[in-house]
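The figures here come from the full heavy-atom set of this structure, side chains too, leaving out hydrogens, waters and symmetry mates. Letters go in sequence order (proteins before strands), and every chain restarts at 1.
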Number of protein chains: 2
Amino acid sequence: MNKTTIQEIAADLGLSITTISFIINGKGDQYKISKATQERVKKYIAQNNYQPNSVARSLTTGKSYTIGYLVPDISDPFYAAIGKHVENILSQQGYQLFMCSTKEDPDTELKIVQSMVQRQADGIIMAPTTKKSLSYIKSQDIPLVTFDRQIPRSRAHFVGIDNYEASKSAITAFLTRNKNAKMAMVSMTPEVNTLSQRIEGCLDAFKELGLHFPEDLNLNVDYQNLQESCLDQIGALLQKHPEVNSFYFTNNLTAYKGLYALNKNHRPKLEKMKLISFDDMPLFEISHPFTTGIEQPQEKIGETSAQMLLELLHSKNTSSKVKKVILPVQINWR
Amino acid sequence: MNKTTIQEIAADLGLSITTISFIINGKGDQYKISKATQERVKKYIAQNNYQPNSVARSLTTGKSYTIGYLVPDISDPFYAAIGKHVENILSQQGYQLFMCSTKEDPDTELKIVQSMVQRQADGIIMAPTTKKSLSYIKSQDIPLVTFDRQIPRSRAHFVGIDNYEASKSAITAFLTRNKNAKMAMVSMTPEVNTLSQRIEGCLDAFKELGLHFPEDLNLNVDYQNLQESCLDQIGALLQKHPEVNSFYFTNNLTAYKGLYALNKNHRPKLEKMKLISFDDMPLFEISHPFTTGIEQPQEKIGETSAQMLLELLHSKNTSSKVKKVILPVQINWR
DNA sequence: ATGAAAGCGCTAACAT
DNA sequence: ATGTTAGCGCTTTCAT
């Protein structure tokens, strides 16, 4: 079954392709095509299941109804969830999403961005890794909304949270609730600035409470090798500092693997461990032990990013000033 | 900065667009373009950061280097993980993925499929919900690989597991290990056939061991309202059947919410509960209690699906017989 | 109320 | 060794 085209319809119906095009695009009335003709064409289209070729349409109009969603890892529950909410909003408007994993790698990210430009994506929503790709996007001036991470000095629209403040106030509250907490922190490389901000927030919380946070309780595990790295470093830490009775995981990945390490090798200690993690996950309600989560409003982040992009798409003034939406977090104590 | 086009290059360099096109597509030598010219063009391209417009290219060639990845929910960890592996293989070959959630809804699914056709997707990888969309894809003869779910009588290439056998043998082993297990089962609507096969497998395991499985220990919670539904039904069940000391969750979603319900309202019973779930998740290693998982080879499923699609893309004979790859599962006892 | 034709940027068969 | 040209399927201005 070969593809029907607009000219076939025109030929079969003895009309011009212009007429067909008008009707397809709902401009029949506007161009005063007679009701009769409109009906005839619509009937033909329905019967032959004609679908306009969007590639051709894009070439003419310059719009592809395609958006790039670029994140470090599309299977990361955090990015997957936000992606779903983005999809939810954008698919209603006829957009499809190219979802791509940048792998925290600047080169991969740039290649993907270039591919998006070649494919005439109408816009991009991304959790950026580097400034290079952002500059490239800007140079092509294609509508862009960033989320989750802000690249310093990059002037891009942004939706996210205040990592420093959220971390600081959560840890302050935690230390107030758990007076005799002896806390260690688990973060990871590569150090994206969201993570350093969370670390800073934590350290400042200690400082302001007049407490000391020893350097060597600040772990930094390896992103490429999370599980082994967690097993090793947490093992070593608990050996050297048996007094540690609390962990702060600075993101969902370290929390996952940290919990794994604790469950695997340190069950006896687990009973009275108090855990807190940046990013909340449903699993913290069923984990051993239950884990307090600093919850980012994923749905809101996704929806706001999508809506912000839609606005950009509809308003033609590239001039507009940079918009930043900072959303509140919520602490789920457990 | 406006888009450079092939004709601008031609004009600027005093060459014809053909020559430029040949060089861009690596056919310079084949068409005996002089080294000098080739260098000149390549240099120009590098300097001006020219990127060919893939929309125009697709319109001429009929190939878009675009693949549709359609699953019920892209944020479901199972589909997200497989998606990542699919992406991994296909991105190496220059393909980008449209990832779409069909929401278990036939109409949504069909709309997305039609959109893929309009957009000239070169192929589709999907966990199908209905036969209707499969027939449509076939009618357009666009290369298709299905995974996870087989639609009865649909003759599509398939990658997945044998749900009936996997379920049956896992439950048989489970009952052998836990002689005095008093098991309830939690499944969900809508009843896709993977789930009914898992249920059948479980019931047959009981039968062959000469055991009885009471009708009312077979729960069916509501997909649209998983959490509430689990809380209600599991609560009611444990009240009526306090002897139940084991649960079989027939997929990751019911396991998640089942564990949630148990942790929330039935902690005392949890100590000696033995849980097993179809689909394994990392969280089962840190959940309370640890949960045995029947693990599907996600990476293998993703990679095989992608590779199978690539073969289809490269071989032009539509005739070829239907390929089915059935992969083994692995039980992770906990 | 409808049609002709240019053009979107590219590829490739066919010149030269 | 390089150029001319006809499409690919569609939108839209300008005619009629």
Write down the distance between CD1 (A:I9) and P (D:dC10), rounded to a whole number of angstrom.
8 Å
CD1 of A:I6 versus C1' of C:dA4: gap in Å, rounded?
14 Å
Side chain to side chain donor-acceptor pair (under 3.5 Å) involving A:Y95 - partner list, sequence neighbours excluded:
A:K63
Report the distance from atom CG of A:N53 to atom P of D:dC8, rounded to the nearest whole Å.
12 Å
Side chain to side chain donor-acceptor pair (under 3.5 Å) filter on B:E109, not counting sequence neighbours, yields B:T129, B:T130, B:S133
Which donor-acceptor pairs under 3.5 Å do the side chains of residues 298-307 of chain B make with protein atoms, sequence neighbours left out?
residue: B:T304; atom: OG1; partner: B:K300; partner atom: O; Å: 2.5
residue: B:S305; atom: OG; partner: B:I301; partner atom: O; Å: 2.7

Which residues within residues 24-41 of chain A lie with some heavy atom under 4.0 Å of an atom in DNA chain D?
A:N25, A:K27
Please report, rounded to the nearest Å, how far the P atom of D:dC10 is from the CD atom of A:Q51.
11 Å
In whole angstrom, give the distance that lies between atom CG of A:L59 and atom C1' of D:dT12.
14 Å
Would you jot down, in residue-number order, the residues of residues 12-23 of chain B having a non-hydrogen atom under 4.0 Å from DNA chain D?
B:G14, B:L15, B:S16, B:I17, B:T18, B:T19
Specify the residues of residues 60-68 of chain B, ordered by number, for which at least one heavy atom lies under 4.0 angstrom from an atom of DNA chain C.
B:T60, B:T61
Taking atom P of C:dC10 as reference, at what distance in whole Å does atom CD1 of B:I45 sit?
10 Å
